[in-house]
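The structure under discussion appears below in the form of structure tokens.
Note that this is a predicted model, so its numbers are computed, not measured. Protein chains get the first letters and strands the later ones, always in sequence-line order, with residue 1 at the start of each.
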There are 2 protein chains.
Amino acid sequence: MSDSTPATIEDVARIAEVSIATVSRAIHNPEKVAKSTRLKVNQAIAITGYTTNAMARSLRLGRSNMILVVAPDIGDPNFSSILVGLENEARSHGYGVLIGHTQNDAQRALEYLKFLNSNQAAGLILFTGILPFGHDTMTARLPPSVGIFEPVFNGGIPYVGVDDMEGARKVVDLLIAEGHRKIAFIGDSRTRLAYKRRRAGYDAGLDAAGVPAELRLVQEGDGTLESGRAAVERLFVRDTLPTAFMCVNDQTALGVMIGLKARGYDIPGDFSVTGFDDVPQATFMTPALTTIRQPRTSIGKHAMALLLDLLSSRQPAETEILLRPDLVVRNSVSVPSARWLAR
Amino acid sequence: MSDSTPATIEDVARIAEVSIATVSRAIHNPEKVAKSTRLKVNQAIAITGYTTNAMARSLRLGRSNMILVVAPDIGDPNFSSILVGLENEARSHGYGVLIGHTQNDAQRALEYLKFLNSNQAAGLILFTGILPFGHDTMTARLPPSVGIFEPVFNGGIPYVGVDDMEGARKVVDLLIAEGHRKIAFIGDSRTRLAYKRRRAGYDAGLDAAGVPAELRLVQEGDGTLESGRAAVERLFVRDTLPTAFMCVNDQTALGVMIGLKARGYDIPGDFSVTGFDDVPQATFMTPALTTIRQPRTSIGKHAMALLLDLLSSRQPAETEILLRPDLVVRNSVSVPSARWLAR
DNA sequence: GCACATGATGTAAACCTTTACATCGAGAGT
DNA sequence: ACTCTCGATGTAAAGGTTTACATCATGTGC
């Protein structure tokens with residue numbers, strides 16, 4: 001009972017006076033065993049404190065009950081809320097969550113590949129920004145996988161993300177409603193899918209409002225705080241100033257705010273600024289940033305649910321799930337300053 | 001070669017023209033096999049792309065290569081940097097990191113216990129704030145474990161944390177150096193170890209500076225933002241105002257700042273405020289918060305290293321590792337306002 | 001040349017499950 | 001009463017590894 005080694009299925013079988021096969025069935029296919037037997041088995045389980053040895057089970061079944069989650073950086077504060085969604089969903093289906101991060105290092109990525117090859121994970125969750133492993137021969141060996149935020153391998157792997165275009169649209173619409181017409185878009189790299197989609201939302205909103213192309217100021221960068229600040233400088237030098245800065249993400253927005261404040265301007269008095277993502281710091285910026293919230297926990301939950309589907313049915317399933325992002329209005333937007341309108 | 005099912009040790013043995021035992025030895029005890037044989041085996045491994053099936057290995061060995069990390073809330077942004085340290089250290093020793101969070105829910109805690117019992121984890125990392133499982137019978141079955149931040153089971157489990165007393169001491173010393181004497185300590189629960197230790201640092205610093213007991217204002221709360229704000233109100237009502245607020249953590253400090261600002265005061269002009277922990281938001285508060293940085297990644301690294309030690313040697317090892325915390329000076333502290341000194 | 005130690009390798013059991021297949025008994029249909 | 005069907009249970013193989021023990025060859029000391 002309080003043995004040093006954990007009870008095995010044989011211990012249970014002996015006590016319940018049945019064969020080990022019956023015990024196994026009583027646990028995993030209860031409908032296949034007579035009610036009275038089931039009862040005896042359950043009692044024996046209670047007595048011994050038996051739990052199925054997951055290693056043996058996985059070995060026999062040829063698949064584990066672990067899902068590997070690989071991100072470029074698990075230290076990213078945005079990662080953790082997604083992880084919550086992933087973990088909850090996995091756990092409630094009897095799966096465990098294994099985590100790893102590549103730090104964009106090929107060597108590390110390789111180690112994870114080995115992990116997968118050694119059968120330790122039944123499925124894989126891939127975060128954006130990783131070209132995980134060689135992409136070539138390896139692909140064939142990848143277990144069922146789901147991407148987060150962006151498609152992987154050109155859509156070969158289904159993914160869960162957010163409707164960037166709709167989010168961007170909500171932002172422009174707010175800006176337009178406040179009276180802005182000359183709105184700059186501060187983006188990151190033109191090659192990123194998120195950029196393209198958010199930009200598309202920006203254009204669509206401006207089209208709808210009848211804002212002509214010459215009022216659309218688009219800057220590119222690399223998505224960092226610094227690149228936001230730099231964009232402001234460029235705009236000032238060229239003396240083509242918008243009344244609002246719509247940024248591709250919160251980092252960039254913070255950079256823009258810092259650049260603007262360094263030049264002595266007030267936000268949102270002189271300029272309105274918006275972000276995208278709603279990072280945890282957004283509330284604490286001064287002014288608090290108006291931005292688009294990524295439903296992170298929900299993304300995690302949906303991604304894991306999708307993966308679990310894949311695992312059980314092998315159906316192709318949906319190849320893209322886009323969640324609806326919400327606008328969160330804080331204090332970085334107001335009506336355009338009279339100062340600029342006058343010009 | 002590019003088979004559908006992964007290569008097994010038998011495939012390797014056949015190609016290398018040796019027995020499977022030799023292959024196993026060549027991999028895990030290379031010194032026990034002749035150089036020439038080792039070479040043949042390595043070639044065969046390269047040809048087949050063989051990786052040891054971790055399930056089978058764990059089953060045979062009776063222990064897995066996973067470490068379970070359980071926290072009350074993995075969504076906590078402070079958690080992620082610790083995780084980085086944990087993961088890096090584990091990975092570089094061939095271990096994987098499994099995560100789970102209890103959300104302070106007994107039901108969930110129990111599920112993790114089952115996980116452990118089913119041999120899926122060789123070791124356990126426990127975060128503060130969890131009474132993990134029944135604490136009674138279960139304790140016996142727990143694998144080697146290490147706590148983070150605080151001891152678990154009254155020191156039955158070694159832990160790694162931060163030297164709270166030293167950290168607090170650094171804060172008081174700074175405040176004293178700036179000229180403050182009437183310094184309030186805004187704590188959380190008196191029962192928490194961190195409270196006791198930080199409080200001890202506060203007292204020690206004040207003793208050293210010769211500040212009499214009647215100038216020491218101590219408030220208690222629950223460590224939330226709201227409780228910080230409430231403490232300010234109480235102090236104002238009683239009209240016993242300090243010139244500086246030393247808070248037990250950053251949340252409380254933020255609450256204090258909000259309370260002070262609501263009453264129209266300037267920080268640090270009228271009052272100085274300090275925190276403890278250096279949460280990611282601390283930089284973004286206005287003013288940016290002067291606080292104590294928890295060396296989080298390092299804590300994770302040390303905790304995992306300690307656990308790995310435990311796993312291999314079974315030695316009792318050290319029962320407590322305290323890391324040195326650093327003071328990070330930002331903008332929430334200055335000299336005491338003349339306004340109050342006058343009184 | 002013989003007994004023996006030594007080092008390299010092979011054989012087979014064990015780790016704990018799950019499940020295809022075999023067996024058994026009982027009730028149904030004739 | 002005989003056969004058939006069907007539901008409940010048992011038997012045994014298989015999954016991939018590690019390792020105690022056995023075996024074998026080679027070289028050493030006498």
Side-chain angles (χ1 to χ4, degrees), chain A residues 3-42 44-45 48-66 94 114-122, chain B residues 3-42 44-45 48-65 94 114-120 122:
Chain A
D3 220 330
S4 66
T5 68
T8 76
I9 201 172
E10 291 210 55
D11 299 326
V12 178
R14 200 175 323 113
I15 296 187
E17 297 177 302
V18 295
S19 75
I20 59 170
T22 302
V23 175
S24 178
R25 277 189 288 254
I27 296 173
H28 303 287
N29 297 87
E31 75 282 2
K32 287 196 178 175
V33 18
K35 209 169 182 178
S36 58
T37 317
R38 211 154 56 208
L39 210 74
K40 281 194 298 179
V41 171
N42 286 338
I45 289 179
T48 53
Y50 171 77
T51 24
T52 306
N53 179 317
M55 294 311 161
R57 176 159 222 257
S58 297
L59 174 59
R60 181 63 237 249
L61 260 34
R63 95 189 113 81
S64 83
N65 59 150
M66 299 280 145
K114 255 173 131 175
F115 227 75
L116 288 169
N117 264 33
S118 65
N119 271 324
Q120 300 205 60
Chain B
D3 220 331
S4 66
T5 69
T8 76
I9 200 172
E10 291 210 55
D11 299 326
V12 177
R14 199 175 324 112
I15 296 187
E17 297 176 302
V18 295
S19 76
I20 60 169
T22 301
V23 175
S24 178
R25 277 189 289 255
I27 296 173
H28 302 287
N29 297 86
E31 74 282 2
K32 287 196 177 174
V33 18
K35 208 168 181 181
S36 58
T37 318
R38 211 155 55 209
L39 211 73
K40 280 193 298 178
V41 171
N42 285 338
I45 290 180
T48 54
Y50 171 76
T51 24
T52 306
N53 180 318
M55 293 311 160
R57 176 158 221 258
S58 298
L59 173 59
R60 180 62 236 250
L61 259 34
R63 95 190 112 81
S64 82
N65 60 150
K114 257 173 128 174
F115 229 74
L116 288 169
N117 264 33
S118 63
N119 271 325
Q120 301 205 59

Check the distance between [N]'s [atom2] and [X]'s [atom1] and give it to me in whole angstrom.
{"X": "A:L59", "N": "D:dA14", "atom1": "CG", "atom2": "C1'", "value": "9 Å"}
{"X": "B:I9", "N": "D:dT19", "atom1": "CD1", "atom2": "P", "value": "11 Å"}
{"X": "B:N29", "N": "D:dT18", "atom1": "CG", "atom2": "C1'", "value": "10 Å"}
{"X": "A:R25", "N": "D:dA12", "atom1": "CZ", "atom2": "P", "value": "14 Å"}
{"X": "A:R57", "N": "D:dT17", "atom1": "CZ", "atom2": "P", "value": "21 Å"}
{"X": "A:R63", "N": "D:dG15", "atom1": "CZ", "atom2": "P", "value": "16 Å"}
{"X": "B:R60", "N": "D:dA14", "atom1": "CZ", "atom2": "C1'", "value": "17 Å"}
{"X": "B:N53", "N": "D:dA14", "atom1": "CG", "atom2": "C1'", "value": "13 Å"}

Name the one of B:V23, B:T22, B:I20 that satisfies side-chain contact (heavy atoms from CB on, under 4.5 Å) with B:V12?
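Single side-chain contact (heavy atoms from CB on, under 4.5 Å) partner of B:V12 among B:V23, B:T22, B:I20: B:V23.
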Using a 4.0 Å heavy-atom cut-off across all strands, classify B:L61 as base, sugar-phosphate, or nothing.
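If one applies the 4.0 Å heavy-atom cut-off, B:L61 turns out to touch the sugar-phosphate alone, with no base involved.
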Name the nucleic acid region contacted by B:T52, choosing base, sugar-phosphate or nothing; use a 4.0 angstrom heavy-atom cut-off, strictly under.
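Result for B:T52 = sugar-phosphate.
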Is any side-chain heavy atom of B:Y50 closer than 4.5 Å to a side-chain heavy atom of B:I15?
no
Using side-chain heavy atoms (C-beta onward) and a distance below 4.5 Å, is A:N65 in contact with A:S58?
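Answer yes - side chains close enough.
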Near DNA chain D, which residues from residues 31-40 of chain B have a heavy atom under 4.0 Å away?
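By residue number: none to list.
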Here the gap from A:R14 atom CZ to A:S19 atom OG, rounded to the nearest 0.5 Å, amounts to 13.0 Å
Atom pair OG1 (A:T37) and CD (A:E17), whose distance is rounded to the nearest 0.5 Å:
11.5 Å
Return the minimal non-hydrogen interatomic distance between A:V41 and A:V18, and the atom names on each side.
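Scanning both residues, the minimum pair turns out to be CG2-CG2, 4.2 Å.
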If you walk 5' to 3' along DNA chain C, what is the first nucleotide with an atom under 4.0 Å of a heavy atom in chain B, and what is the last?
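Nucleotide range in contact with chain B: C:dA8 to C:dC16.
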State whether the side chain of B:N29 and the backbone N or O of B:K32 hold a donor-acceptor pair below 3.5 Å, judged by distance alone.
no
Say whether, by atom type as modelled, one donor and one acceptor occur between the side chain of B:N42 and the main chain of B:L39 under 3.5 angstrom.
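Absent.
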Mark yes when over 12 heavy atoms from residues, nucleotides or ligands other than A:R63 sit less than 6.0 Å from its CZ; otherwise mark no.
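No, the 6.0 Å shell around CZ holds no more than 12 heavy atoms from other groups.
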